[in-house]
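Report on the structure given below.
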Amino acid sequence: MNWKLTQLRSSTRRGFIATTVALLGLAMISAPASAARDEEAEVFVGDIASEAIDILGREGFTPAELEASFRTLFVNNMDIPRIGVFALGQYARTPDATQKTEYLELVEEFIVKVYASRLSDYTDQNFAVLSSQPKGNKGKEVIVASQIEFATGRAPVPVEWWLLKTDDGFKVFDVKVLGIWMAQEQRSSFISVIRNNNGDFSALLAHIEKQINQATADIDVKLTEVETETSAEATP
Amino acid sequence: MNSELGRFSLRATIAILGLGLVLSGCATRPDGANSAAVAAYEEANDPVEPLNRYFFELNNFLDIIVLRPAAEIYDGVLPGFAKDGVRSFLDNLRSPVILANDLLQGEWDRAGDTTARFGINSTVGVLGLGDPATGWGYERHGEDFGQTLAVYGVGEGPYFYAPLLGPAPPRDLAGFGVDTFFDPLTYIFWDEAYTVPVTRFVLNGIDLRARNLNTLDEIERTSIDYYAAVRSLYRQSRADEIRNGVTDVDALPDISNINFTSDE
């Protein structure tokens with residue numbers, strides 16, 4: 001490939017693109033405010049993030065206390081029952097009343113463990129809310145874009161938040177980190193377990209319970225590491 | 001690779017493939033009356049799931065005995081700057097493939113970035129060992145022919161998990177083949193032993209594995225079905241790469257009304 005030729009093509013093309021973008025920009029200014037940012041949603045996300053950073057930076061806490069703080073944060077701000085239903089796909093109609101109750105309890109426990117464990121990989125970073133946009137035409141869902149920034153010069157990690165407006169204020173339905181929606185990932189696993197056990201819902205319950213027990217030990221180790229790092233930084 | 005070793009590995013490959021086929025074969029399509037099972041089967045879009053799971057286990061086994069130990073040694077022995085040098089060098093070697101796909105997708109600005117990166121990093125960056133281009137505003141991005149096909153409207157096709165390669169549904173497997181043709185190294189070092197391409201493939205694998213030691217452990221630990229989780233992660237991250245990281249809000253389902261009796 002001739003480098004100069006590429007540059008030349010690219011620059012004329014760039015001029016064209018710039019003009020188009022400028023025209024689109026003008027069109028958007030005069031368009032109705034339906035695509036406007038949702039400041040309330042952005043503040044909500046910022047508050048959750050600073051709370052999480054605050055928990056990760058606490059000194060002198062036991063893993064159990066850290067986990068309890070995360071539990072309060074998640075249960076108050078996430079729509080866990082909705083995530084649970086979503087993760088079942090069409091199998092949501094199959095559990096009986098007792099199984100539903102047990103499932104929702106297990107899902108809450110599972111989400112607290114998984115999210116606390118994954119969050120503890122990001123200690124001592126900066127967080128920035130970038131923008132937000134409405135989703136769907138019911139005015140009930142908002143996507144907020146943000147990123148985790150690193151002092152080391154490592155490329156920032158993009159994080160998107162899928163929020164739902166409820167009577168009880170905003171709730172987080174899903175979080176997309178590095179291109180992966182977490183609830184979608186769990187849905188793939190949950191449905192797969194039920195299907196590979198010929199539709200037996202109790203098999204899923206057993207699997208989640210087993211995973212929670214396994215994760216408990218591992219997460220204690222991770223949260224202890226977080227605590228050790230924080231204390232070490234505090235006393236140089 | 002000498003010819004005897006080549007013959008052995010060919011035989012081993014045939015044996016592995018044959019055994020896989022005998023052991024597993026196709027997933028059975030569920031009974032049409034069971035609508036939840038049919039929906040689950042279609043959502044998974046994984047008609048050869050038993051075979052794929054067999055290859056997945058095989059790769060995990062190879063990972064435990066070969067790749068993971070190699071990656072741990074690599075990670076432990078090399079200082080951070082050396083690992084970054086290896087990564088930059090491998091990334092720089094891939095520039096022609098990225099450029100070809102930038103152009104095929106009509107991404108002229110990104111093609112300019114790729115060209116500038118290759119020019120800067122090959123010279124100022126000393127043969128690609130450094131990455132000064134990022135600091136100058138030419139950030140790295142990846143492209144491959146699988147993504148180009150997706151931009152042209154080709155669907156991913158049913159899921160396939162290949163031995164050694166990992167997730168490789170038809171579109172991306174075809175893309176992998178075409179990218180090999182775009183790659184100048186394929187022609188320049190067309191020696192009998194394929195020393196350079198093989199070394200690069202192996203080193204790339206070890207470096208990527210070393211960079212994901214914790215991430216993969218974390219996913220395995222927090223998944224109730226590791227195989228299905230990896231399938232979802234692969235599809236999601238491909239979709240994200242194809243859209244160059246921009247979320248397609250309209251493609252997300254409406255979750256405002258789902259409950260235990262809904263049909264979503």
Side-chain angles (χ1 to χ4, degrees), chain A residues 1 3 6-7 9-10 13-14 17 82 85-86 89-95 100 110 113-114 117-118 121 133-136 138 140-141 143 145 155 158 160 162 164 173-174 176 178-181 184-196 198-199 204 207-208 210-211 214-215 218, chain B residues 30 34-41 43-44 46 49 96 99-100 103 106 108-109 111-112 115-116 119 134-135 139-140 214-215 217-219 221-229 231-233 235-241 245 247 249-250 252-264:
Chain A
M1 177 56 60
W3 190 77
T6 319
Q7 280 298 94
R9 269 194 204 149
S10 149
R13 193 81 190 189
R14 234 175 232 172
I17 291 168
R82 193 178 302 270
V85 171
F86 173 75
Q90 289 208 8
Y91 285 119
R93 285 172 297 165
T94 59
K100 275 178 200 167
F110 184 67
K113 301 276 184 207
V114 171
S117 170
R118 292 193 181 177
D121 289 334
Q133 58 172 318
K135 175 196 167 294
K138 294 181 185 163
K140 280 186 170 175
E141 296 168 71
I143 305 285
E160 280 175 63
W162 182 344
L164 186 72
F173 171 71
D174 204 354
K176 182 190 183 197
L178 287 167
I180 310 292
W181 289 109
Q184 183 64 52
E185 179 199 334
Q186 298 307 340
R187 173 181 169 121
S188 177
S189 294
F190 283 26
I191 293 179
S192 176
V193 168
I194 303 177
R195 194 171 80 77
N196 285 307
N198 298 315
L204 175 66
H207 266 81
I208 303 176
K210 190 175 142 227
Q211 201 66 34
Q214 257 180 28
D218 298 329
Chain B
N34 188 345
S35 65
V38 172
Y41 178 84
E43 186 169 323
D46 193 354
E49 185 174 328
L99 177 63
L103 294 172
W108 313 111
D109 283 3
T115 313
T134 298
E139 274 176 34
R140 181 180 191 276
N214 293 331
T215 315
D217 282 354
E218 179 73 35
I219 291 161
R221 203 166 44 213
T222 52
S223 302
I224 63 162
D225 183 340
Y226 187 32
Y227 169 82
R231 186 174 64 199
S232 171
L233 292 176
R235 284 186 172 146
Q236 289 203 56
S237 69
R238 285 300 282 173
D240 194 60
E241 282 172 349
T247 300
V249 173
D250 297 328
L252 299 171
D254 181 357
I255 48 90
S256 59
N257 282 322
I258 56 171
N259 54 53
F260 273 111
T261 48
S262 66
D263 257 348
E264 305 288 336

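Chain A is the first sequence line, chain B the second, and so forth, proteins listed ahead of strands; every chain is numbered from 1.
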Mind checking what makes side chain to side chain donor-acceptor pair (under 3.5 Å) contact with B/Arg221, not counting sequence neighbours?
B/Glu218
Listed by chain and number, what are the side chain to side chain donor-acceptor pair (under 3.5 Å) partners of B/Arg140, not counting sequence neighbours?
B/Asp91
Report which part of [X] has an atom under 4.5 Å of a heavy atom belonging to chain A: side chain, backbone, both, or neither.
X	answer
B/Glu139	neither
B/Thr134	neither
B/Asp240	side chain
B/Ala40	both

What residue among A/Val85, A/Leu164, A/Asp174 forms side-chain contact (heavy atoms from CB on, under 4.5 Å) with B/Ile255?
A/Leu164
Residue among B/Gly245, B/Pro30, B/Ala229 with most heavy-atom pairs under 4.5 Å to chain A:
B/Ala229
Is any side-chain heavy atom of [Y] closer than 4.5 Å to one of [X]?
X	Y	result
A/Pro95	B/Phe260	yes
A/Phe86	B/Pro253	yes
A/Arg187	B/Glu43	yes

Judged by modelled atom types alone, do A/Lys113 and B/Thr222 share a side-chain donor-acceptor pair under 3.5 Å?
no
Against chain B, label [X] side chain, backbone, both or neither, depending on which of its atoms sit under 4.5 Å from a heavy atom there.
X	value
A/Trp181	both
A/Glu160	side chain
A/Asn196	side chain
A/Phe110	side chain
A/Phe173	side chain
A/Ile180	both

At what distance, to the nearest 0.5 angstrom, does [atom1] of [X] lie from [atom2] of [Y]?
X	Y	atom1	atom2	value
B/Ser223	A/Gln186	OG	CD	6.0 Å
A/Ser192	B/Tyr226	OG	OH	14.5 Å
A/Glu141	B/Ser256	CD	OG	5.0 Å

What is the minimum heavy-atom distance between [X] and [Y], and which atoms define it?
X	Y	result
B/Ile224	A/Ile208	CG2-CA, 4.0 Å
A/Arg195	B/Ala37	CD-O, 4.0 Å
B/Val249	A/Pro134	CG1-O, 4.0 Å

Give the intermediate values and the outcome of side-chain contact (heavy atoms from CB on, under 4.5 Å) for residues B/Arg231 and A/Ser189.
CA-CA 9 Å; B/Arg231 186 174 64 199; A/Ser189 294; over 6 Å; no
Looking only at A/Lys176, A/His207, A/Glu185, the option with the highest number of non-hydrogen pairs under 4.5 Å against chain B is A/Glu185
Heavy-atom pair count under 4.5 Å with chain B, highest-scoring of A/Arg82, A/Lys210, A/Lys138, A/Gln184
A/Arg82
